[in-house]
There are 4 protein chains.
Amino acid sequence: MTEEGTAVVRAVRGRPRSAAADRAIIGAVLRLLERGIGVGALSMEGIAREAGVGKATVYRRWPGKDALLLDVMRALDEPPPEVRGRSVREDLVEILEGLRRKGLAKRDSALLRTMMSHFHSHPRLWQEYHDTVIRARRETLHAVLRRGVAEGEIRSDLDVELLGELFVGPMLSRALLHEWRELPEELSEQIVDGVLDGARPRG
Amino acid sequence: MTEEGTAVVRAVRGRPRSAAADRAIIGAVLRLLERGIGVGALSMEGIAREAGVGKATVYRRWPGKDALLLDVMRALDEPPPEVRGRSVREDLVEILEGLRRKGLAKRDSALLRTMMSHFHSHPRLWQEYHDTVIRARRETLHAVLRRGVAEGEIRSDLDVELLGELFVGPMLSRALLHEWRELPEELSEQIVDGVLDGARPRG
Amino acid sequence: MTEEGTAVVRAVRGRPRSAAADRAIIGAVLRLLERGIGVGALSMEGIAREAGVGKATVYRRWPGKDALLLDVMRALDEPPPEVRGRSVREDLVEILEGLRRKGLAKRDSALLRTMMSHFHSHPRLWQEYHDTVIRARRETLHAVLRRGVAEGEIRSDLDVELLGELFVGPMLSRALLHEWRELPEELSEQIVDGVLDGARPRG
Amino acid sequence: MTEEGTAVVRAVRGRPRSAAADRAIIGAVLRLLERGIGVGALSMEGIAREAGVGKATVYRRWPGKDALLLDVMRALDEPPPEVRGRSVREDLVEILEGLRRKGLAKRDSALLRTMMSHFHSHPRLWQEYHDTVIRARRETLHAVLRRGVAEGEIRSDLDVELLGELFVGPMLSRALLHEWRELPEELSEQIVDGVLDGARPRG
DNA sequence: CCATAACCGAGACGGTACGTCGTGTCTTACT
DNA sequence: AGTAAGACACGACGTACCGTCTCGGTTATGG
């Protein structure tokens with residue numbers, strides 16, 4: 001079976017698409033977002049202008065603003081930390097720290113919010129983002145948790161999915177839903193320790 | 001600067017504003033959202049049309065779409081459960097269940113997403129929503145937790161704010177960020193029990 | 001009987017259309033044409049810009065460029081000469097002189113050419129222009145010719161339509177089809193006398 | 001400046017231009033015009049598509065749409081009738097009949113209108129068409145008239161140019177300006193006889 | 001009790017962005 | 001060097017909303 005993966009093989013006829021244009025467009029979106037232009041005020045017209053590119057050149061690559069933003073998010077996505085720390089606890093703290101720092105970046109969280117605000121209307125879009133970006137990070141987290149279970153550091157009677165949510169949920173909730181100001185540096189440790197030890201007093 | 005709180009002092013002369021128009025406008029927004037029109041596709045023009053109202057009548061009441069949506073959210077907000085259950089555990093489950101059911105309602109979560117996607121650009125707006133709607137629910141949660149601490153059901157060495165996040169965060173994360181399909185009914189119990197008992201194996 | 005003519009009675013609800021905008025738009029077209037912008041280069045976008053008016057304001061009044069130009073032509077149309085001269089010959093010369101002067105005006109002939117170039121594709125448009133503008137002028141000509149027949153100055157055995165064409169055709173042909181430079185002043189007299197006397201030597 | 005007449009001297013190295021492409025392009029224009037596509041709706045893009053040819057191949061041959069149309073008109077131009085009839089009158093009728101039949105052809109008159117509508121903005125273009133296509137036909141007409149003068153059939157005291165206009169103008173006016181429906185077959189005879197005999201009653 | 005003033009619906013206003021199409025130029029691989 | 005294909009920057013197309021503004025008409029009150 002011929003390997004084909006996601007990369008669609010485009011016809012090789014005609015002038016090839018300019019990689020410089022790709023870069024200019026993605027760059028323009030990031031620049032505009034960093035300029036604090038507000039996600040709703042992002043217009044394809046403005047993006048093309050900022051990129052020094054014709055509108056058609058944008059539409060040739062993406063069918064609309066959301067799809068473009070999806071790719072911008074992917075372009076932004078740095079590989080998950082992948083630090084195998086000295087202990088399960090420290091790995092969990094590391095992962096949460098990554099989330100905290102990410103949520104602080106103005107453009108990252110602006111992008112994330114946009115995607116969220118649209119995914120109800122475009123489930124396929126969200127699905128795609130989820131599959132591409134989030135799944136990998138979840139997987140890292142789950143691996144750490146499974147290691148914890150194997151080493152006896154983590155209870156074995158709970159679903160790993162649920163466990164992951166217990167650690168990550170509080171941080172996401174703070175970073176994306178409630179606050180738009182700096183989160184305290186010790187928050188990651190507090191969450192990890194809180195969930196590890198539980199809210200009930202220990203005998 | 002004049003006090004401009006919620007109760008704007010209007011001139012008492014002339015025809016008073018029609019309460020029917022208020023209702024028609026709020027109703028139109030809800031109807032459009034339930035129709036799955038997509039939050040970004042909500043237009044003041046369309047809202048006025050659906051409400052059978054002139055555009056000026058809308059703008060006379062709200063300076064823009066966001067302010068209107070904020071009021072719609074407030075109109076939607078039912079008083080927090082306030083059920084003093086038989087135990088702290090059951091109260092926590094009750095509160096999470098309320099969130100779960102709320103997050104399922106298409107229009108509620110659509111609204112919430114919109115607000116989130118805008119709050120970075122309009123912090124005042126978010127602040128206002130937070131103060132009006134969220135604070136009350138947080139307060140209910142914190143009261144339950146403080147009762148738990150008093151009764152010895154909950155550890156006393158953790159910040160109540162943090163504790164609240166540990167319970168609520170995972171549910172919000174699931175309801176608003178990851179899923180757009182039905183959440184399992186037993187999720188609330190699983191989260192509450194997971195956080196209460198902790199992720200580390202006990203004794 | 002109430003005078004109503006062609007003017008459609010529009011609903012009187014809402015803000016009435018601005019007569020100033022009408023004038024600004026027509027004026028902008030004339031200014032652009034006089035500026036020698038070339039009829040094909042006339043764009044609705046440019047017209048609106050020149051008029052200081054939104055594009056929608058133009059499209060609210062006319063469905064497209066051709067319909068607008070049709071109205072511009074009508075606005076341009078001065079009443080036919082209507083000079084009852086001292087003799088049939090002099091009246092005919094007067095009518096042809098009017099055509100000659102008209103054909104020289106850059107914007108008039110540019111407009112006329114545009115209309116012509118489109119009337120094959122939009123026969124209704126042409127029909128309307130013909131009925132509104134041309135018919136009146138033809139009628140004036142035919143009246144003069146009929147007077148000539150009655151006074152014995154013009155042959156009575158020829159169709160008046162055909163006669164009219166014999167006088168007017170050569171001038172139109174010169175003004176619109178062949179030349180784009182000044183026509184000699186004596187041309188009108190030459191044509192009238194030539195047609196009156198005939199091309200065959202007179203006994 | 002190098003002579004740039006019709007016969008451009010091209011380099012003789014490399015692949016020669018495809019005559020098939022020339023034919024395909026001209027053919028495509030004619031096909032589109034006959035399809036009633038409307039002259040203004042003719043696009044270089046559409047022409048290339050219809051011809052199955054790259055756009056560059058069109059632009060390599062003609063600098064723009066007008067120049068292309070000019071050549072199409074030339075390609076269309078059949079040699080003038082050149083029938084030396086039995087009498088001057090019959091020759092004139094023959095020439096006018098040629099015009100009448102030509103004006104009926106949808107594509108011919110569409111082309112002619114296009115050229116007319118552009119010649120004000122591009123006088124050089126018109127000049128070229130005039131010199132190439134019209135002059136020859138005029139010459140034929142003038143020759144007939146001069147023969148008429150020599151044979152005593154036509155007045156000798158009138159400018160031949162003017163005389164020609166008297167015969168041809170009415171037909172052109174009818175064919176191009178007023179009508180877009182069939183012209184009566186007897187029109188040519190009526191015009192010729194009318195101009196020959198004159199509009200004034202003959203003693 | 002009626003004038004006044006703010007309300008109401010409708011919809012026009014100058015703008016901006018939408019997504020598409022055509023312009024004339026360019027860049028591929030191929031002939 | 002020519003060819004088909006098609007990308008490129010640009011700019012016009014006709015539509016939809018934005019938030020403001022005028023219309024004619026409606027409804028409470030206060031003089």
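Chain letters run A, B, ... following the sequence lines, proteins first and then strands; every chain starts at 1. Any value given below was found using the heavy atoms of this structure, including those in side chains, with hydrogens, waters and symmetry copies removed.
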[X] and [Y]: which non-hydrogen atoms are nearest, and at how many Å?
| X | Y | answer |
| --- | --- | --- |
| A/Ile26 | A/Trp62 | CD1-CZ2, 4.2 Å |
| A/Leu76 | A/Leu30 | CD1-CD2, 3.5 Å |
| B/Ala24 | B/Ala51 | O-CB, 3.5 Å |

Could you give the [atom1]-to-[atom2] distance, from [X] to [N], as a whole number of Å?
| X | N | atom1 | atom2 | result |
| --- | --- | --- | --- | --- |
| B/Glu50 | E/dA10 | CD | P | 13 Å |
| A/Ile37 | E/dT16 | CD1 | P | 14 Å |
| C/Asp22 | E/dG14 | CG | P | 11 Å |
| D/Arg17 | F/dT3 | CZ | C1' | 12 Å |
| B/Asp66 | F/dC18 | CG | P | 12 Å |
| B/Ile47 | E/dG9 | CD1 | C1' | 17 Å |

Inter-residue atom distance [X].[atom1] - [Y].[atom2], 0.5 Å rounding:
| X | Y | atom1 | atom2 | value |
| --- | --- | --- | --- | --- |
| C/Leu42 | C/Leu32 | CG | CG | 6.0 Å |
| D/Ile37 | D/Ile47 | CD1 | CD1 | 8.5 Å |
| D/Arg61 | D/Ser18 | CZ | OG | 6.0 Å |
| D/Asp71 | D/Asp66 | CG | CG | 12.0 Å |
| A/Met73 | A/Glu128 | CE | CD | 13.0 Å |

Mind running a 4.0 Å heavy-atom check of residues 51-64 of chain B against DNA chain F and sending the residues that fall below it, in number order? B/Lys55, B/Ala56, B/Tyr59

By side-chain hydrogen bond (donor to acceptor under 3.5 Å, both in side chains), D/Arg35 pairs with (sequence neighbours left out) D/Glu50

Can you tell me which nucleotide in F/dT3, E/dG24, E/dA17 comes closest to the side chain of A/Glu45? E/dA17

Ranking C/Leu42 and A/Ala21 by the position along DNA chain F of their nearest nucleotide, the one closer to 5' is A/Ala21

Please encode protein proximity along nucleotides 25-31 of chain F as a string of B, S and -, counting only heavy-atom distances under 4.0 Å. BBBS-S-

I want to check one thing: is the phosphate of F/dC17, taken as OP1 and OP2, less than 4.0 Å away from some side-chain N or O of B/Arg49? yes

